[in-house]
Trainee: 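Here it is, the structure in full.
Only this structure's heavy atoms are used, side chains among them; waters, hydrogens and symmetry mates stay out. Reminder, nothing fancy here: chain letters follow the sequence lines and each chain counts from 1.
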2 protein chains.
Amino acid sequence: MSSSVQRKRIRKSPADRRAEIVDAAAAVALAEGLECVTLRRIAEQLDVRPGLISHYFPSAEDLVAEAFGSAANAELETLLPADRSGETPTRHLARFFAHATGEAYDAISRLWINARHLSRYRPVLRDRVTAQEEAWRGRLEGLIREGVEGGEFRTDDPHVTTIQILVVIDGLGAHANTDSGNRPETVTRMAVTTAERELGLARGTLSRHGGPGGTGRTGAPPASGGAAPPATSN
Amino acid sequence: MSSSVQRKRIRKSPADRRAEIVDAAAAVALAEGLECVTLRRIAEQLDVRPGLISHYFPSAEDLVAEAFGSAANAELETLLPADRSGETPTRHLARFFAHATGEAYDAISRLWINARHLSRYRPVLRDRVTAQEEAWRGRLEGLIREGVEGGEFRTDDPHVTTIQILVVIDGLGAHANTDSGNRPETVTRMAVTTAERELGLARGTLSRHGGPGGTGRTGAPPASGGAAPPATSN
DNA sequence: GCAACTGTTGAGCGTGCGACCAATAAGCGA
DNA sequence: TCGCTTATTGGTCGCACGCTCAACAGTTGC
């Protein structure tokens, strides 16, 4: 109404404005997809003119990459905080799976699918995706190594084990845009099952994230053969 | 030069023209991505006018869905032919993994990532993707059930086992646009490892696709713990 | 040989995109 | 308080997209 005749200009410091733009872009990327991160869309979000976005990001591709990096990084920080104050690796890993397997993770899965596809055409984004994959892997591998050193986990090769877990999580997340949600419990639990198997943990250890934090052992015998284990109700 | 003044019109039967368009669209989808399946692009490919493509596909989204469906279906037919003339399920599954793990499969992985992402915005494509997932799963599950009935495979739930294998394949394929290719051998073999474990097969049974076709048993003890198996050279 | 059918063309509309640039005004230091 | 720096605006360009439609021309059947 009052602003249609003459726009009120709000002048901010470059650092503030840039951060504001990146935050808005990350939000749009997460909610609507990376292809919706356009100069006009972000400008509208912040109630500024498209030219201003161009001013801070002369190449729009840089903004898209930044949006993905920001969103993915924030999620990583929630999922696997660098600061694990006092919590055991087992509890931490259990908490990680609880979050990374629930429906709340679908938005993140969508973002990863989005970014991995768009990487095909946009080199700048591709570099960002590679860096983020590295960051996620590094963070998880650190947690696993810590658990191995403390005797909670057991694996010959933490690096390979980490990748194996991530591959399963990626595989489960691949259908975030299509699945109707009716998946067998055994499949939903695949990531946890893989982790427990590869880390020498008893079945169920990583399912109860409110459970024992000390040793993580329950005394249940480990799965012996290769047959599919019966699905547990919880 | 000679055709610039007056275009030579080639009139074809609707069925032929439609098939021609779908084939071209599928080829473009596979080579350059589904977003390159545009009226203008396909028209250029066939040396006709864009309006003609619109004539056969009043909605461009239908053409994209058809392109994906055609490409995915052709690949499924190569990967898991409906007609398994005389070959044992073990040999057949081994052949499947040989193809679905090699670099030649990257193009298909890219297409799936592409389609799954685009499904977010295009309902028609989403239905097609869901149908293709169903088809792939059904074909693989049929093979596994056949193996179980013949005593080559052993699993309590062929349905779940099938999905588990496909999840791993999806997880491995997720990085087709970003990976530099340097992946640990153990990770590359994850799909085969999963199949062998879930089907009660000895390690290596599904790696040698030129190997024994009868029983598929080698006498080697099954993997006990979660330790990474030594990498085999072939 | 001619007429009817319809596959095919050519042209144009409206939209949204990234990129560019001169003009403007907000806020800071002198 | 004034002037300068520069953050911000408003407008425009070229491009590619899907979609529409009247006009054209192969092909077929009479």
Trainee: Starting from C1' on D/dT6, measure out to CD1 on A/I10 and report it in whole angstrom.
Mentor: 17 Å
Trainee: Which distance, rounded to the nearest 0.5 Å, do you find between the CZ of A/R197 and the CE of A/M190?
Mentor: 8.0 Å
Trainee: Roughly, in whole Å, what's the span from CD1 in B/I21 to P in C/dG7?
Mentor: 12 Å
Trainee: Summarise how protein sits on nucleotides 11-19 of chain D as a single string, 5' to 3': B when a protein heavy atom is under 4.0 Å from the base, S for sugar-phosphate-only contact, - for no contact.
Mentor: ------BBB
Trainee: Which residue in the set B/N73, B/T162, B/I169, B/L79 passes side chain to side chain contact (heavy atoms under 4.5 Å, CB included) when paired with B/W136?
Mentor: B/L79
Trainee: Nearest 0.5 Å please: distance from the CG atom of B/D179 over to the CZ atom of A/R116.
Mentor: 9.0 Å
Trainee: Round to a whole Å and report the spacing from CZ of A/R49 to C1' of C/dA19.
Mentor: 17 Å
Trainee: Between atom CD1 in A/I42 and atom P in C/dC17, what is the gap in whole Å?
Mentor: 11 Å
Trainee: Of the candidate nucleotides D/dT8, C/dA26, D/dA25, which contains the atom at the shortest distance from the side chain of A/R11?
Mentor: C/dA26
Trainee: Assess, by modelled atom type and distance only, whether the side chains of B/Q132 and B/R128 contain a donor and an acceptor separated by less than 3.5 Å.
Mentor: no
Trainee: Can you tell me how far P of D/dT6 sits from CZ of A/R17, to the nearest Å?
Mentor: 17 Å
Trainee: To the nearest 10°, let me know how far the axis at one end of the helix from C/dG1-D/dC30 to C/dA30-D/dT1 is tilted from the axis at the other, five pairs an end.
Mentor: 10°
Trainee: Which nucleotide, C/dT8, D/dA7, D/dG26, lies nearest any side-chain atom of B/K12?
Mentor: C/dT8
Trainee: Quick check on the 6.0 Å ring-centre criterion: do A/F68 and A/W112 meet it?
Mentor: yes
Trainee: For A/Y56 and D/dA7, is the shortest distance between a side-chain N/O and OP1 or OP2 below 4.0 Å?
Mentor: no
Trainee: Between atom CG in A/L52 and atom C1' in C/dC20, what is the gap in whole Å?
Mentor: 15 Å
Trainee: Between B/E32 and A/Y121, which heavy-atom pair has the shortest distance, and what is it?
Mentor: O-OH, 2.8 Å
Trainee: Given C/dG7, is OP1 or OP2 found less than 4.0 Å from the side-chain N or O atoms of B/H55?
Mentor: yes
Trainee: Can you tell me the distance, in whole Å, between the CD atom of A/E44 and the P atom of C/dT15?
Mentor: 16 Å
Trainee: Return yes if the base of D/dT8 and the side-chain atoms of A/R9 contain a donor-acceptor N/O pair under 3.5 Å, otherwise no.
Mentor: yes
Trainee: Hey, are A/R189 and A/S207 close enough side-chain-wise for a donor-acceptor pair under 3.5 Å?
Mentor: yes
Trainee: Enter the distance from A/L39:CG to A/S54:OG here, rounded to the nearest 0.5 Å.
Mentor: 4.0 Å
Trainee: Can you confirm whether the side chains of B/H92 and B/E146 place a donor and an acceptor under 3.5 Å from each other?
Mentor: no
Trainee: What's the NZ-C1' distance between B/K8 and C/dG10, to the nearest Å?
Mentor: 18 Å
